[in-house]
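All ligand and atom numbering here is 1-based and tracks the order in the structure.
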Amino acid sequence: MADGGCAAINTKIEEGEGGYILEDVPHLTDYLPSLLTYPNPLQDNPAYSVVKQYFVDVDDTVAQKVLFCFVSQIVVHKNGDRGIHFRRAGPRQKVYFKSDEVHACIVTCGGLCPGLNTVIREIVCGLHYMYGVSKIIGIDGGYMGFYSKNTVTLTPKVVNDIHKRGGTVLGTSRGGHDTSKIVDSIQDRGINQVYVIGGDGTQKGAAVIYEEVRRRGLKVSVAGIPKTIDNDIPVIDRSFGFDTAVEEAQRAINAAHVEAESTENGIGVVKLMGRYSGFIAMYATLASRDVDCCLIPESPFFLEGKGGLFQFIRKRLKENGHMVIVIAEGAGQDLLTESMQSMGQQDASGNKQLQDVGFWISHRIKVHTFAIRASRNFMIVADPTYMIRAIPGNASDNVYCTLLAQSAVHGAMAGYTGFTCGPVNGRHSYIPFNRITEKQNKVVITDRMWARLLSSTNQPSFL
Ligand SMILES: Nc1ncnc2c1ncn2[C@@H]1O[C@H](COP(=O)(O)OP(=O)(O)O)[C@@H](O)[C@H]1O
Ligand SMILES: O=P(O)(O)OC[C@H]1O[C@](O)(COP(=O)(O)O)[C@@H](O)[C@@H]1O
Ligand SMILES: [Mg+2]
């Protein structure tokens with residue numbers, strides 16, 4: 001696998017007076033200075049021409065943090081508030097591609113996520129209806145599809161209904177990122193806009209594709225659309241599909257709760273996705289109100305002794321006669337490796353493969369409650385992990401996916417490249433790849449949201 005970092009060409013920082021910093025994204029003219037520009041075809045589009053100030057000012061930027069002690073604006077110009085800013089997403093007055101010159105491709109990589117098909121649909125429709133583009137292809141089966149599979153022709157008709165389906169119509173995969181073969185394929189096929197939909201691994205892959213494209217001096221825009229069901233991508237407000245996943249997770253929690261409360265001392269355990277971040281578990285718990293204890297990777301816990309999980313289970317069963325435990329898949333991995341042999345295995349993309357915490361914890365609880373006769377050992381273990389991500393996006397995610405897709409299309413048409421897009425403080429922005437791949441967004445257990453959870457479940461903090 002290639003290494004995703006090349007700070008020199010990925011970092012474009014502009015500093016203004018008074019501490020203003022723009023973490024800008026690359027532009028094709030950074031290495032192809034004499035490119036021609038064309039008027040944006042949207043200016044003649046009857047739907048958009050009525051909007052006042054439809055085009056985004058080239059100098060508009062979005063503040064990462066709104067400093068209320070200074071100016072409390074989110075969109076500012078150069079020399080505005082101090083702090084980090086990103087370029088505001090949206091249509092520009094000038095574009096760097098003629099409609100009939102564009103040959104776009106779309107690829108989806110990594111794990112599934114609700115809304116993937118909506119993003120594909122809206123890139124195709126955005127390119128077609130807003131910019132008059134007709135040459136759009138889909139890459140089959142993730143990065144490796146660039147060099148090992150045939151492409152799929154994408155038209156508004158082909159993608160018309162796909163947002164109603166879960167998964168990705170293009171297929172996806174882990175591993176197989178061969179930068180030079182991918183860029184050879186881009187070059188050989190005459191592709192000049194690459195839309196890459198995927199998580200942190202995918203965006204690292206997109207960054208190296210951009211670097212190689214630039215090294216070869218190609219007029220190719222590489223645009224990323226961040227995807228992760230775990231909501232662990234930093235900088236952006238939230239990731240698409242997360243809202244849908246939380247909603248679906250609630251259904252599983254409800255089922256576990258109904259089962260648990262229907263029997264004496266019933267315990268429902270619901271295992272949810274969240275490799276390194278417990279956002280799905282935390283939000284599903286807060287939303288459902290049926291959960292007695294939520295365990296996430298960011299908050300270590302222990303089983304035995306004073307203040308431990310077993311003591312809490314005994315107390316809750318005594319009080320309520322049943323309980324529901326939600327556990328994120330990455331929680332308690334340190335405890336598992338102590339009691340099981342660590343496998344240390346990785347998937348094809350190099351992600352650590354986790355041991356099954358749902359199976360482990362339910363087994364440990366069963367043994368404990370049996371020993372103390374606190375329960376008749378009735379236990380339901382719900383593992384809806386794949387059910388919450390293999391579904392279509394809900395209404396809110398679908399609207400969000402549309403905005404993301406349109407931001408990416410506007411950015412590529414305006415000649416930006418090596419960027420990913422997403423809402424920052426509610427405003428869609430173009431963000432350099434390195435900013436979203438250098439770290440993960442995690443639940444901060446000293447923040448108010450986790451405190452709200454602790455107070456709503458009244459579980460121990462295990463500190
Ligand atoms: N550091 C990296 N450099 C280049 N490609 C990468 C890197 N990490 C992951 N990839 C590629 O990105 C794709 C998706 O990565 P993966 O981690 O499986 O999912 P996600 O993008 O959802 O995090 C895979 O094809 C993988 O080979
Ligand atoms: O079974 P798979 O495809 O490896 O997916 C499992 C993983 O996918 C995730 O949903 C995250 O996937 P991504 O990194 O692709 O966003 C994790 O929560 C989970 O550990
Ligand atoms: Mg990932």
For [X] and ligand 1, does the shortest N/O to N/O distance drop below 3.5 Å?
| X | value |
| --- | --- |
| S349 | yes |
| Q203 | no |
| D347 | no |
| G198 | no |
| V208 | no |

Task: Ring-ring centroid check H27 Y96, cutoff 6.0 Å - done: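 Between Y96 and H27, which both carry aromatic rings, the centre distance is below 6.0 Å.
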Open item on the list: With a 6.0 Å cut-off on the ring centroids, do Y283 and F242 count as close?
Closed with: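 Yes; F242 has its ring centre under 6.0 Å from that of Y283.
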- [ ] Any atoms of ligand 1 less than 4.0 Å from a non-hydrogen atom of G199? List them with their elements.
- [x] 20 (P), 21 (O), 22 (O), 23 (O)
TODO: State the atoms of ligand 1, each with its element, that fall below the 4.0 Å cut-off from a heavy-atom position in K227.
DONE: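 The list of qualifying atoms is 22 (O).
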Open item on the list: Can you tell me which portion of N351 lies within the under-4.0 Å heavy-atom range of ligand 1? Options are side chain, backbone, both, or neither.
Closed with: side chain
Task: Spacing of D243 atom CG and N394 atom CG [to the nearest 0.5 Å] - done: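 Rounded to the nearest 0.5 Å, the CG-CG separation comes to 4.5 Å.
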- [ ] Starting at CZ of F279, measure out to CZ of R238 and round the result to the nearest 0.5 Å.
- [x]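 F279 CZ to R238 CZ: 13.0 Å, rounded to 0.5 Å.
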TODO: Work out whether the distance between some heavy atom of Q353 and some atom of ligand 2 is less than 4.0 Å.
DONE: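 Contact check Q353 vs ligand 2: negative.
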Open item on the list: Could you check whether any heavy atom of G199 sits closer than 4.0 Å to an atom of ligand 2, since that is the contact criterion I want to use?
Closed with: no
- [ ] May I ask you to check if ligand 2 and D200 share an N or O to N or O distance below 3.5 Å?
- [x] no
TODO: Check whether any N or O atom of E329, backbone or side chain, sits under 3.5 Å from an N or O atom of ligand 2, and answer yes or no.
DONE: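 For ligand 2, there is an N or O atom that lies under 3.5 Å from one belonging to E329.
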[X] with [Y]: basic N within carboxylate O range, under 4.0 Å:
| X | Y | value |
| --- | --- | --- |
| D232 | K439 | no |
| D30 | K12 | yes |
| E304 | R364 | yes |
| E212 | R215 | yes |

Open item on the list: Once you measure the plane-to-plane angle for F240 and Y400, does it fall in the parallel (<30°), tilted (30-60°) or perpendicular (>60°) bin?
Closed with: perpendicular
Task: Check: E101 main-chain N/O paired with H103 side-chain donor or acceptor under 3.5 Å - done: no
Quick check on contacts: which atoms of ligand 2 are under 4.0 angstrom from a heavy atom of [X]?
| X | result |
| --- | --- |
| Y386 | 1 (O), 2 (P) |
| G111 | 15 (O) |
| K227 | 13 (P), 15 (O), 16 (O) |
| T228 | 16 (O) |

Open item on the list: How far is atom 11 (C) of ligand 2 from the closest protein heavy atom, and which atom is that?
Closed with: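 Atom 11 (C) of ligand 2 sits closest to the protein heavy atom D230 OD2, 3.6 Å.
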Open item on the list: Among all protein heavy atoms in this structure, tell me which lies nearest to atom 3 (O) of ligand 2, with the distance rounded to 0.1 Å.
Closed with: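 Here the nearest protein heavy atom works out to R389 NH2, 3.0 Å.
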Open item on the list: So for G142, does at least one of its heavy atoms come nearer than 4.0 angstrom to any atom of ligand 1?
Closed with: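 So G142 does not count as touching ligand 1.
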Open item on the list: If I take every N, O or S atom of D232, is at least one of them less than 2.8 Å from the Mg ion (ligand 3)?
Closed with: no
